Amino acid sequence: MLRYKVAIIGAGPAGYFAAQALHNLQNDERTFSIDMIERLPTPWGLVRSGVAPDHPKIKTVSKVFEKIAADPNFHLFANVEIGTDITVAQLAAAYDAVIIATGSSIGKKLGIPGEDLYGSISAADFVPWYNAHPDFAHVDFPLDCESAAVIGAGNVAMDVARILALEPSELDPTDTADHAIDALKKSAVRDVYISARRGPEHAAFTSPELRELPKLEHTNVVMARHDIDAAIQRAGEAPEKDVKSNLDAMVLIADSQKSEHERTMHFLFQHTPKEILGTDRVEGVVYSTPTGDVTIKCGLVITAIGYQAAPINGVPYENGKVVNIDGRVKENIYVVGWAKRGPSGVIGTNKSDAAAVIDLLNSDLSEPKNDSGIENLLTTQVVIDQLSWQRINEAETAAGEPKGKPRVKSVDRNELLKFAGL
Ligand code: NAP
């Protein structure tokens, strides 16, 4: 029997699906002992700190993660940071293979004047703020303005715009951070402008997300019918299936009945941000459009124009990704998920992506190393293992129960350690 030890860095969807793919390759001849290393005290990556809290169904994939974690060959090492507590080089020396699954956490910048003003932030800060990520609980941005601009036409922009434009009490039965619900309840924002630099036929939204907009109970959603008609013309007679599905959904939004709601989400197409106006803080955005410049007055700008991976010491990095060929990085180091291919696809995309990389890894393996793995390398760090995480998980869900929420997430690392019994 060949027993291989594999380290997976990052406990998000890509990491769990890599673990699952390794598990599926086990047979009478080889087994894989998997050590999953996570910087935060809690696992699940974007399922915990990225997926919109008003989309609880998407989060049910965490049940799959916990099933993967129940395998006796799976070991969680959360609260362990690469670069601080342990290096990739140390892991590569101790394990038969190392898989990087650290995602893309840095928001891309527009590179236009005014982007650094107070009131201009990235979705990479806003999304983890409302999702109770411990590192983002104190992000400072204003909600005292009547209008906000969200830049980008992807699903992250859509999540951000929806969270800003919802009646905040709709978030009460969700696991949105308490600090975010409190702030959103005090928010003066009533008009949210979401802008695409190209036409509706090029928008990166997906149609299920568009189709839920006319169902919002307390928010009007405004899309100009002439924008959609022009896009239908441009898309021609046989548009791709996804484009047709999006345009059909957009027609429904454009034609939807508007009510007396005080909150409105406005879609702007062919609006390319040119400058963010303001002296001490954001006062507006100037867009160039086919008919000339347009200024939207607003006190908050959130850019949701894609992400880049954070570089990792000792790992080749270029264009916001880990340099790789089909997931192979160098020697016994591999990469999966957004750190490999860039920030694209839905959670399930990571399953086939990870399986393909694990097939390569498996074919590269020779004799197993005879090393004890991470235990020898971590001397002082307080490690949250699977059992400790289960205690946190139970404490958070128990705290949610009386409030009718799936859980109350703690944003305090010390409290998380206390829940973990450490
Ligand atoms: P995305 O889907 O790639 O969308 C990025 C958007 O930013 C595009 O509309 C792009 O426009 C625009 N953009 C890029 N550079 C720009 C610039 N300089 N100025 C103005 N606009 C610019 O990325 P995302 O929204 O971050 O989402 C990442 C992935 O996660 C996607 O695959 C998404 O579907 C997925 N996701 C899924 C869900 C869900 O399933 N509910 C939720 C959230 C995220 P151009 O097309 O013109 O470049």
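In listed order, ligands and their atoms are each counted from 1. Since the model is a prediction, treat every value here as computed from it, not as a measurement.
Residue E209 has at least one N or O atom closer than 3.5 Å to an N or O atom of ligand 1. Residue R198 has at least one nitrogen or oxygen atom sitting less than 3.5 Å from a nitrogen or oxygen atom of ligand 1, judged on distance alone. Looking at P273 next to ligand 1, no N or O pair under 3.5 Å apart turns up. Residue A157 has no nitrogen or oxygen atom sitting less than 3.5 Å from a nitrogen or oxygen atom of ligand 1, judged on distance alone.
Within 6.0 Å of CG in L387 there are more than 12 heavy atoms belonging to other residues, nucleotides or ligands.
Separation of the H179 and W129 ring centroids falls under the 6.0 Å cut-off.
Selection from G345, G306, G107, A203 by nearest heavy atom to atom 31 (C) of ligand 1 gives G345. Between K274, H271, R197, it is R197 that holds the heavy atom closest to atom 16 (C) of ligand 1. Residue nearest to atom 37 (C) of ligand 1, selected from N155, V160, T272, T349: N155 (by heavy-atom distance).
When each atom of ligand 1 is checked for a heavy atom of A204 under 4.0 Å away, the hits are 2 (O), 4 (O). Using a 4.0 Å cut-off to heavy atoms of P343, the atoms of ligand 1 that qualify are 28 (C), 29 (C).
For V346, every heavy-atom contact with ligand 1 shorter than 4.0 Å involves the side chain, none the backbone. Under 4.0 angstrom from ligand 1, there are no non-hydrogen atoms of A123. Counting heavy atoms closer than 4.0 Å to ligand 1, residue V51 contributes nothing at all.
Salt bridge absent: D191 and R263 never bring a charged side-chain N and a carboxylate O closer than 4.0 Å. A salt bridge is absent between D385 and R391; no separation between the charged side-chain nitrogens and carboxylate oxygens falls under 4.0 Å. Between D364 and R328, at least one side-chain nitrogen of the basic residue sits less than 4.0 Å from a carboxylate oxygen of the acidic one, meeting the salt-bridge criterion. Between D182 and K186 there is no salt bridge, since none of the side-chain N atoms of the basic residue sits less than 4.0 Å from a carboxylate O of the acidic one. Using a 4.0 Å cut-off between charged nitrogen and carboxylate oxygen, K403 and D175 do not count as a salt-bridge pair.
Here the CG atom belonging to N73 is positioned 5.5 Å from the OG atom belonging to S33, to the nearest 0.5 angstrom.
The shortest separation from a heavy atom of Y287 to ligand 1 is not under 4.0 Å, leaving the residue out of contact. Residue contacts with ligand 1: T206 is excluded, as none of its non-hydrogen atoms falls under 4.0 Å.
Distance screen at 4.0 Å: atom 4 (O) of ligand 1 has a protein heavy-atom neighbour inside the cut-off. For atom 43 (C) of ligand 1, a protein heavy-atom neighbour is present inside the 4.0 Å cut-off.
Across every non-hydrogen atom of N220 and K258, the tightest pair is OD1-CA, 3.4 Å.
For the salt bridge (Lys or Arg N to Asp or Glu O under 4.0 Å) criterion with R162, the lone passing option out of E212, E170, E167, E209 is E212.
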